[in-house]
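Residue indices begin at 1 and follow the sequence shown.
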Amino acid sequence: MLALYIGNKNYSTWSLRPWLVLTVFGIEFKEHWLKFDDFKSNSPFKQQAMALHPTGKVPLLQDGNLVIADSLAICEYLAERFPEKHLWPADRDARARARSICAEMHSGFSSIRNLCPMNIEADLSEIGLELWESNAHLNTDVQRIQMIWSERPVQGGFLCGEQFSIADAFYAPIILRMVGFGLPIDEANQDYVQRVLAVPALKQWVQQACMEHCFVEIDEPYRQDASTHRMQW
């Protein structure tokens, strides 16, 4: 059986992506949770992660003796391993677009990443308003993201067509960030956001993230403890 090593569901955007792909497409796997800490070289998290792969990071996918690091590499491997699942769109042009926007998410949008870290259990809308009014780069990131969403070929569908794909898994964490920080979402994209939030696998992840109750200071730039600013999903 495949094994997926992930970090805290409340914080780990990169872990969410392959977990969502595996879960949505019904690919059997065993989940292993490595608790986040301060990420110092001698921390329990780093020691456990380094024992699995030299990167010392999650997510990691283990298939027999093969261990694959990086969320995009994992998803590409899964697409090859399970071609019958159609993790990428079947149409060549749609598949190319899906890969392109995944690569853009994988390497870009540094402002929203740095300013608005995913924190599913927290309602950070007041902070989000301040950030939105004071940071032009954040505005640029959000505008580009919404442009990508608006170009979906089937209105009322997912990013690359009627079916959920790897591309939607890559943009799901950004949706959780934007909702948690109360960032503006165009009316034209509200349907897409709600469609992704309604995916049963994502609802499961959100529910489990809210049950962790694991406050990791290094991932909490805006709260002093987990009892404040709780989100109601």
Side-chain donor/acceptor of [X] to backbone N/O of [Y], under 3.5 Å:
| X | Y | result |
| --- | --- | --- |
| K57 | D70 | no |
| Y171 | I101 | yes |
| N8 | Y11 | no |
| K85 | F25 | yes |
| W33 | G7 | yes |
| S165 | P89 | no |
| D141 | S111 | yes |
| N135 | L131 | no |
| W14 | V58 | no |

On the ring face of W149, is R152 found with NZ or CZ under 6.0 Å from the centre and within 45° of the axis? no
Going from [atom1] on [X] to [atom2] on [Y], what distance comes out if it is rounded to the nearest 0.5 angstrom?
| X | Y | atom1 | atom2 | value |
| --- | --- | --- | --- | --- |
| I175 | D168 | CD1 | CG | 8.0 Å |
| C214 | E121 | SG | CD | 9.5 Å |
| I27 | R81 | CD1 | CZ | 9.0 Å |
| E80 | L87 | CD | CG | 10.5 Å |
| W205 | T23 | CH2 | OG1 | 8.5 Å |
| R17 | H106 | CZ | NE2 | 8.0 Å |

Would you say that [X] contacts [Y] through its side chain, given a criterion of any heavy-atom pair below 4.5 Å between the two side chains?
| X | Y | result |
| --- | --- | --- |
| C116 | F109 | no |
| C160 | R97 | yes |
| Q146 | M178 | yes |
| Y222 | P117 | yes |
| T13 | R177 | yes |
| L124 | R223 | yes |
| Y192 | I185 | no |
| W233 | Q207 | no |

Tell me whether [X] at atom [atom1] has more than 12 heavy atoms from other residues, nucleotides or ligands lying less than 6.0 Å away.
| X | atom1 | value |
| --- | --- | --- |
| Q190 | CD | yes |
| Q232 | CD | no |
| E162 | CD | no |
| E126 | CD | no |
| E104 | CD | yes |

Out of curiosity, does [Y] fall in the hydrophobic cluster containing [X] (side-chain heavy atoms, cut-off under 4.5 Å, transitive links)?
| X | Y | result |
| --- | --- | --- |
| F82 | I74 | yes |
| L52 | I6 | no |
| L197 | V24 | yes |
| W19 | F45 | no |
| L129 | I112 | no |

Taking atom types as modelled and ignoring hydrogens, do the side chains of [X] and [Y] form a donor-acceptor contact shorter than 3.5 angstrom?
| X | Y | value |
| --- | --- | --- |
| N119 | E220 | yes |
| E76 | W88 | yes |
| E212 | N10 | no |

For [X] and [Y], work out which heavy atoms get closest and say how close.
| X | Y | result |
| --- | --- | --- |
| F158 | F164 | CD1-N, 3.5 Å |
| L4 | P59 | CD1-CB, 4.3 Å |
| A169 | L20 | CA-CD2, 3.9 Å |
| Q155 | S150 | NE2-O, 3.7 Å |
| I120 | L176 | CD1-CD1, 3.8 Å |
| A167 | C102 | CA-SG, 3.4 Å |

W132 vs V142, side chain to side chain contact (heavy atoms under 4.5 Å, CB included): CA-CA, chis, key distance, verdict: CA-CA 10 Å; W132 183 255; V142 170; 3.7 Å; yes
